[in-house]
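Below: one structure, written as structure tokens.
Order of the sequence lines fixes the chain letters, A, B, ..., with proteins taken first and strands second; residue numbering starts at 1 for each chain. The shown structure was predicted, so the numbers you read here are calculated from the model rather than taken from an experiment.
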Amino acid sequence: MLKLASWNVNSLKVRLDQVLDWLESTQIDILALQETKLSDENFPLQAFIDRHYHVVYSGQKTYNGVAIISRLPIAEIVTDIPDLEDPQRRIIAVNIGDIRLINLYVPNGSEVGSDKYDYKLMWFEKVRNFIRQQLSQYSKIAVVGDFNIAPEDRDVHSPVEWEGCVLVSPKEREAFLSLLSLGLKDSFRLFHQEEKAFSWWDYRAAAFRRNRGLRIDLILLSDALAAQCISSNIDALPRKSERPSDHVPVWVALNLYTTAEFRFKHPS
DNA sequence: ATGGTGGTCTTACCA
């Protein structure tokens, strides 16, 4: 069994100890991070190396930034979207074992109709083209990250309050469905789930206490990987720690490596 | 109660 997770940490500098603790307590094998908010020269590489992880990252100062932490070796790293000159560090794609993992920090979009909203839709379309190409090349693909899109009304605490707003607007949801139509499944909906399950809550207005959240952190799986998915989960516990991220980690269990195989490949 | 919080090489901008 292999555990694959995604977490928007909203500054890895602030959240490093939480990430290390969470990796230790959950025994996650692969973790995709978003909003590291660190330039590459400031990435806390040694902390992960000391704990025997492989690490790749694509960061910038102050904003954005993505990274992948892995128990298994990482190869075939891509940090730029074809046909898009973009200084914003929002994507990192890698091979880990026979999985192609694509880690996304989708633009927030600010407000419907704004320049940032247009950038979000344009960026998403370019990424969709990239993923379409990747699907022709690899069968076991996971597309994970902070999508900044709540796919359906049941992913929103109050669809009425949020109607037409950024993160749920029809154009964003249409773009998301168009991505799924390439041959990806929202792993969370492969299984029975509790209602009102969210992955992000605004820091303001006691949104977490009142469970006024959205499910915008997702793990999408190609059919070949979906067939090996045992569970898809949201771990809301880290939101209760001191100085939490506004997002919590999401993770899937994949029936990929038996414990014996994993120990053979990675003797401790 | 009609507002808020939190991160960043901050005093503005992003989420």
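- Comparing B:dA15, B:dG7, B:dT8 by their closest approach to the side chain of A:R204 singles out B:dA15.
- Closest contact between the side chain of A:V14 and the listed nucleotides B:dG4, B:dT8, B:dT5 involves B:dT8.
- Taking both residues in full, the closest heavy atoms of A:V252 and A:S187 are given as CG1-OG, 3.4 Å, listed atom of the first, atom of the second, then distance.
- Scanning residues 104-123 of chain A for heavy-atom distances under 4.0 Å to DNA chain B yields A:Y105, A:N108, A:K116.
- Across B:dG4, B:dG7, B:dC9, the shortest atom-to-atom separation from the side chain of A:K61 is found for B:dC9.
- Base orientation of B:dG7: anti (glycosidic angle beyond 90° from 0).
- Between the OG atom of A:S70 and the CD1 atom of A:I28 there is a distance of 11.5 Å, given to the nearest 0.5 Å.
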For DNA chain B, the expected dot-bracket line (Watson-Crick or G-U under 3.5 Å, [ ] crossing, | inter-strand) is ....((((...))))
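- In this structure, A:R243 does not reach the B:dT5 phosphate: none of its side-chain N or O atoms is under 4.0 Å from OP1 or OP2.
- As rounded to the nearest Å, B:dT2 and B:dG7 have C1' atoms that lie 27 Å from one another.
- Once rounded to the nearest 0.5 Å, the distance linking OH of A:Y119 with CD of A:Q88 reads 3.5 Å.
- By the 4.0 Å N-to-carboxylate-O rule, A:D153 lies close enough to A:R173 to be salt-bridged with it.
- Between A:R215 and A:D186, at least one side-chain N (NZ, or NE/NH1/NH2) sits under 4.0 Å from a carboxylate O, which counts as a salt bridge.
- Note that the CD1 atom of A:I149 and the CG atom of A:D217 stand 12.0 Å from one another [nearest 0.5 Å].
- The same atom, C1', is picked in B:dA15 and in B:dT10; the two are 15 Å apart, to the nearest Å.
- Taken to the nearest 0.5 Å, the CD atom of A:Q193 stands 7.0 Å off from the CG atom of A:N233.
- Taking the C1' atom of each, B:dC9 and B:dC14 are spaced 16 Å apart, rounded to whole Å.
- Side-chain nitrogen and oxygen atoms of A:T62 include at least one within less than 4.0 Å of the OP1 or OP2 phosphate oxygen of B:dC9.
- If A:A205 and A:H247 are placed on DNA chain B by their nearest nucleotide, the residue sitting closer to the 5' end is A:A205.
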Practice task
Start with the C-alpha distance between A:F208 and A:D202, add both sets of side-chain angles, then the distance that settles side-chain contact (heavy atoms from CB on, under 4.5 Å), and finish with yes or no.
Solution key: CA-CA 7 Å; A:F208 179 65; A:D202 199 299; over 6 Å; no
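- Contact record, A:I219 with A:L4: CD1-O, 3.7 Å, taken as the closest heavy-atom pair.
- Mapped onto DNA chain B by nearest heavy atom, A:Y203 and A:Y63 fall at different nucleotides, with A:Y203 at the one closer to the 5' end.
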